[in-house]
Number of protein chains: 2
Amino acid sequence: MFQQIKTMFSKSCEYAIKAMIFVAQKSKEEQRVGIKEIAKGTDAPEHFMAKIMQDLSRRKLIHSAKGPNGGFYMDASDLKNSIADIVKAIDGDTIYKDCVLGLKVCSEKNPCPVHFEFKEIKKNLIKMIENNTLAAFNEKLDSGKFFLRNK
Amino acid sequence: MFQQIKTMFSKSCEYAIKAMIFVAQKSKEEQRVGIKEIAKGTDAPEHFMAKIMQDLSRRKLIHSAKGPNGGFYMDASDLKNSIADIVKAIDGDTIYKDCVLGLKVCSEKNPCPVHFEFKEIKKNLIKMIENNTLAAFNEKLDSGKFFLRNK
DNA sequence: ATAATAAAAGAGTTTTTTATCTTTTATTAT
DNA sequence: ATAATAAAAGATAAAAAACTCTTTTATTAT
């Protein structure tokens, strides 16, 4: 009945993160990366990914250039963006605010039964996505100890 | 564009958790709780909630009785169920398995750049949802220090 | 100038999730 | 037996998310 698959981030957001890491890796070599290459490199549907890239570009998380030799690229300041910045751009900041049980009223003064326990978990999750910048990803991937594999 | 709201669990799952806590509270007094009361008490759409209750019932997380004085209720063994059991029944166990970045290949041997950091967070999340049984919820709510409020 | 390239924008479709409505089945009380 | 009650089941509708296709705009190289 409910055969859904529920992950931490939306599909769009997962694609966005993967694309950003992918372009970040290429950007070291002053390369511009086309949407086809991004889609292929991240195992994402091309046209859907194009929409996501437009969104990221509109929100100034990445640069783009039209025409021949065009594509997406990052400058030094773009590489300072973290997963948190990408998540906020695509999925919004509900991960920062919402109660796990979806209660409208859940706060320090009116805590749901798991409020304080979840607060800790959320704190660590936020710390993780904020600390992991694209530059940090580049280093990790370059070390050869971490991978971005789909097959 | 992507104005979506992304929470940890699906809407169905949130409703399920709230309903289970709601019935658990009432079950102490040997009461049976009707679907209308559950929907009202949890701020959920009645017919949608009915479907979810059917599902929980089919999966043996709760008992039900048809006819007059019928409704949903829990026995002592039902009260031993945790949020984790509810989540597994409704959203499945992807929260236990999946990579945050949605990578098909992400393991101890082929870790994504956030694999180990996320593993810790996931461990704590799982610990929390497994430790929080319905019986534990009852105690917390009875203490008067925790609430399940929507307005 | 013009043709080629590649992103941006617009306009869909499909699938999944959420929600509603109706009919059936089981149980109880009269 | 029968009427009333309440969950189970079935069928459908609406909304959101995921995905696709086509046209437009900007840029570059000839």
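Chain letters run A, B, ... following the sequence lines, proteins first and then strands; every chain starts at 1. Keep in mind that what you see is a predicted model, and the values were worked out from it rather than measured.
- Put simply, NZ on A/K122 and CG on A/D98 are 7.0 Å apart, with the number rounded to the nearest 0.5 Å.
- Closest-nucleotide positions on DNA chain D for A/K66 and A/M49 were compared, and the one nearer the 5' end corresponds to A/M49.
- Note on A/S10: every side-chain N or O is 4.0 Å or more away from OP1 and OP2 of D/dA17.
- Pairing for C/dT20 goes to D/dA11, judged as Watson-Crick or G-U wobble with the two contacts each under 3.5 Å.
- Listed for the B/K26 side chain is no donor-acceptor partner under 3.5 Å among the backbone atoms of B/Q31.
- Atom C1' of nucleotide C/dT17 and atom CG of B/D91 are separated by 11 Å, given to the nearest angstrom.
- In this entry C/dA29 has D/dT2 as its Watson-Crick or G-U wobble partner, both defining distances falling under 3.5 Å.
- Not one side-chain nitrogen or oxygen of B/S12 sits closer than 4.0 Å to the OP1 or OP2 atom of C/dT17.
- Contact check, B/Y15 against C/dT18: no side-chain N or O comes under 4.0 Å of OP1 or OP2.
- Residue B/N69 places at least one side-chain N or O closer than 4.0 Å to OP1 or OP2 of C/dA29.
- Computed from coordinates, the B/D43 CG to C/dT18 P distance equals 17 Å when rounded to whole Å.
- The nearest heavy atom of DNA chain C to A/M53 and to A/P68 marks one nucleotide each, and the one closer to the 5' end goes with A/P68.
- Whole-Å rounding puts the A/K11 NZ to D/dT20 C1' distance at 15 Å.
- For A/F48 and D/dA18, the CZ to C1' distance is 5 Å, given to the nearest whole Å.
- Regarding A/K51, its NZ atom lies at a distance of 15 Å from the P atom of C/dT13, rounded to whole Å.
- For the pair A/G70 and A/H47, both in contact range of DNA chain C, the more 5′-proximal nearest nucleotide belongs to A/G70.
- Between B/K40 and B/E46 there is no salt bridge, since no side-chain N of the basic residue sits under 4.0 Å from a carboxylate O of the acidic one.
- The base of D/dA6 is not paired with the side chain of B/K36 by any donor and acceptor separated by under 3.5 Å.
- Distance CZ (A/R32) to P (C/dT5): 17 Å, rounded to an integer number of Å.
- Put simply, A/R58 has a side-chain N or O that comes within less than 4.0 Å of OP1 or OP2 on C/dA9.
- What separates CG of A/L61 from P of C/dA7 is a distance of 17 Å, to the nearest Å.
- No hydrogens or angles were tested; on distance alone, a donor-acceptor pair under 3.5 Å links the side chain of B/Q54 to the base of D/dA9.
- Here A/A65 lies in heavy-atom contact (under 4.0 Å) with sugar-phosphate atoms only.
- Remark: A/F118 CZ to B/N132 CG distance equals 12.0 Å, nearest 0.5 Å.
- The separation between A/I52 atom CD1 and C/dA7 atom C1' is 15 Å, rounded to whole Å.
- A/S57 has a side-chain polar atom (N or O) that falls below the 4.0 Å cut-off from OP1 or OP2 of C/dA8.
- Comment: A/D93 engages A/K97 in a salt bridge, judged by a side-chain N to carboxylate O separation of less than 4.0 angstrom.
- Look at B/K127 and A/E117 and you find no salt bridge, because none of the NZ, NE, NH1 or NH2 atoms lies under 4.0 Å from a carboxylate O.
- Residue B/F72 has its side chain nearest to D/dA7 when only C/dT18, C/dA7, D/dA7 are considered.
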